[in-house]
Amino acid sequence: METAPRPVPAIIVAIDGPSGTGKSSTSKAVATALGLRYLDTGAQYRAITWWMVENGIDTADAEAVADAAAKPEIVSGTDPLAPTITVDGIDVSGPIRTQEVTSKVSAVSAVPRVRTLITELQRSIAAGAEGGILVEGRDIGTTVLPDADLKVFLTASPEARAARRSGELKGKEATDLTATREALLRRDAADSGRKTSPLAKAEDAVEVDTSDLTLQQVIECVVTLVEEKRALR
Ligand SMILES: Nc1ncnc2c1ncn2[C@@H]1O[C@H](COP(=O)(O)OP(=O)(O)OP(=O)(O)O)[C@@H](O)[C@H]1O
Ligand SMILES: Nc1ccn([C@H]2C[C@H](O)[C@@H](COP(=O)(O)O)O2)c(=O)n1
């Protein structure tokens, strides 16, 4: 008698690391290559920050941010080829990338009430991803999905990260390399230094230094790590 092929169990992959290490570019490509859903958790923190700014909430006032945190409805689309993010039905994929949101997102995301709400949202999205999901952020391996099947922590030198970001900004906003490097390091320090689920490498994460790797090499490396995990299941 023929037996039906065993279904491949859904795999959960967590990718964390500081800003500009290549999390989003790598995650989208890996998820696409392997047929996984994709969740950009930084976009969710940016979306709630955008809502606070739009609604005149002082983002430096943690109590005011906490009081308002449950009001916006944030919805993330998880297609790696066309990820989406809306707040109360408004497409905010562009507005969440402004300099103003970038400069305020660390303060908003440090508020414990914000983290509790966004973490719940992230867990429910991951639980609903039947074919598996790749979730990228700062605290996915340590806090959001501590039982993830694979955890990857991307790093890169501040110089490499600043050069990548300056390349992106060219023609749009200021491209001063030193200023870009300083802004990156300030955000890393705030994200690593906060009390509630700071940016950190999980003990069981595989660290990949991307400073001297092309994006394609990083993608291949992570695809191999996922395939190795899948083969063991
Ligand atoms: N290995 C690499 N080599 C060269 N450029 C890269 C590499 N990885 C990513 N990049 C480029 O660096 C920039 C930042 O990458 P990406 O947005 O993926 O980083 P990130 O870690 O998600 O950053 P953030 O956390 O700030 O969103 C992009 O322009 C991307 O194309
Ligand atoms: N899991 C996460 C993801 C993101 N954040 C905060 C900290 C970041 O500076 C900010 C924006 O993230 P990015 O779009 O640059 O990846 O969001 C967090 O606290 N936890």
Side-chain angles (χ1 to χ4, degrees), residues 14-31 38-50 52 59 74 76 80 83 85 92-93 95-112 114-123 125-126 134-145 148 151-170 172 175 180 183-200 202 208-222:
I15 300 202
D16 291 298
S19 177
T21 50
K23 298 182 300 298
S24 298
S25 326
T26 305
S27 300
K28 279 186 269 191
V30 171
Y38 159 71
L39 179 62
D40 175 357
T41 63
Q44 297 174 319
Y45 285 104
R46 287 172 178 274
I48 195 166
T49 303
W50 173 86
M52 296 285 164
T59 54
I74 296 168
S76 297
I85 179 112
V92 293
S93 46
I96 62 169
R97 305 286 164 194
T98 60
Q99 205 53 52
E100 183 176 22
V101 170
T102 301
S103 66
K104 293 180 169 163
V105 65
S106 290
V108 172
S109 61
V111 175
V114 169
R115 298 209 74 79
T116 301
L117 289 164
I118 300 279
T119 297
E120 275 170 16
L121 176 62
Q122 292 161 354
R123 287 181 179 151
I125 294 169
L134 193 159
V135 184
E136 58 123 327
R138 303 290 192 289
D139 63 337
I140 310 306
T142 53
T143 305
V144 179
L145 301 167
K151 300 177 189 178
V152 177
F153 194 80
L154 297 184
T155 63
S157 67
E159 290 68 31
R161 296 190 283 136
R164 291 171 188 174
R165 279 276 174 248
S166 289
E168 255 179 7
L169 295 175
K170 214 163 273 170
K172 287 193 205 155
T175 58
T180 305
L184 276 174
L185 293 178
R186 252 197 320 276
R187 192 143 64 93
D188 286 356
D191 295 341
S192 312
R194 68 174 173 241
K195 280 209 182 98
T196 313
S197 61
L199 158 66
V208 179
D209 182 345
T210 70
S211 309
D212 298 319
L213 299 179
T214 64
L215 178 55
Q216 195 51 40
Q217 286 173 321
V218 182
I219 293 165
E220 281 164 18
C221 169
V222 178

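One-based numbering, in listed order, for ligands and for the atoms of each. What you see is a predicted model; the values in this text were computed from it and never measured. Computed over heavy atoms, backbone and side chain alike; hydrogens, waters and symmetry mates excluded.
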> Less than 3.5 Å between some nitrogen or oxygen of Arg46 and one of ligand 1, yes or no?
Replying inline: no
> Would you say Ser109's side chain and Ser106's backbone share a donor-acceptor pair under 3.5 angstrom?
Replying inline: yes
>> Using a 4.0 Å cut-off to any heavy atom of Gly22, which atoms of ligand 1 qualify?
In response: 8 (N), 9 (C), 15 (O), 16 (P), 18 (O), 19 (O), 20 (P), 21 (O)
> Which atom pair, heavy atoms only, marks the closest approach of Gln217 to Asp212?
Replying inline: OE1-O, 4.1 Å
> Do Arg97 and ligand 1 have an N or O pair less than 3.5 Å apart?
Replying inline: no
> Does a side chain donor of either Arg115 or Ser197 reach within less than 3.5 Å of an acceptor in the other side chain?
Replying inline: yes
> Within the structure, does Thr21 bring an N/O atom to less than 3.5 angstrom of an N/O atom in ligand 1?
Replying inline: yes
>> Heavy-atom contacts with ligand 2 below 4.0 Å: which residues, ordered by chain and residue number?
In response: Thr41, Gly42, Tyr45, Arg46, Arg97, Val105, Ser106, Ser109, Arg115, Gly137, Arg138, Asp139, Ile140, Arg187, Asp191, Arg194
> Which ligand 1 atoms, with their elements, are less than 4.0 angstrom from a heavy-atom of Pro18?
Replying inline: 21 (O)
> Where does Leu154 meet ligand 1, judged by heavy-atom distances below 4.0 Å: at the side chain, the backbone, both, or neither?
Replying inline: neither
> What is the minimum heavy-atom distance between Ala43 and Ile85, and which atoms define it?
Replying inline: O-CD1, 3.7 Å
> Is Gln216 touching ligand 1 with its side chain, its backbone, both, or neither, if touching means heavy atoms under 4.0 Å apart?
Replying inline: neither
>> Below 4.0 Å, non-hydrogen atoms only: which portion of Arg165 touches ligand 1? Side chain, backbone, both or neither.
In response: side chain
> Of the backbone atoms (N, CA, C, O) and the side-chain heavy atoms from C-beta on, which set of Thr26 has a member under 4.0 Å from an atom of ligand 1: side chain, backbone, both, or neither?
Replying inline: neither
> Touching ligand 1 at all, Arg161? Heavy atoms, strictly under 4.0 Å?
Replying inline: no
> Considering distance alone, does some N or O of Arg138 sit under 3.5 Å from an N or O of ligand 1?
Replying inline: yes
>> Suppose I only count heavy atoms of Ser25 and a 4.0 Å limit; which atoms of ligand 1 are within that range?
In response: 9 (C), 15 (O), 16 (P), 18 (O), 30 (C), 31 (O)
> Can you tell me if Gly42 has a non-hydrogen atom under 4.0 Å from ligand 1?
Replying inline: no
> Which ligand 1 atoms, with their elements, are less than 4.0 angstrom from a heavy-atom of Leu213?
Replying inline: 1 (N), 2 (C), 3 (N)
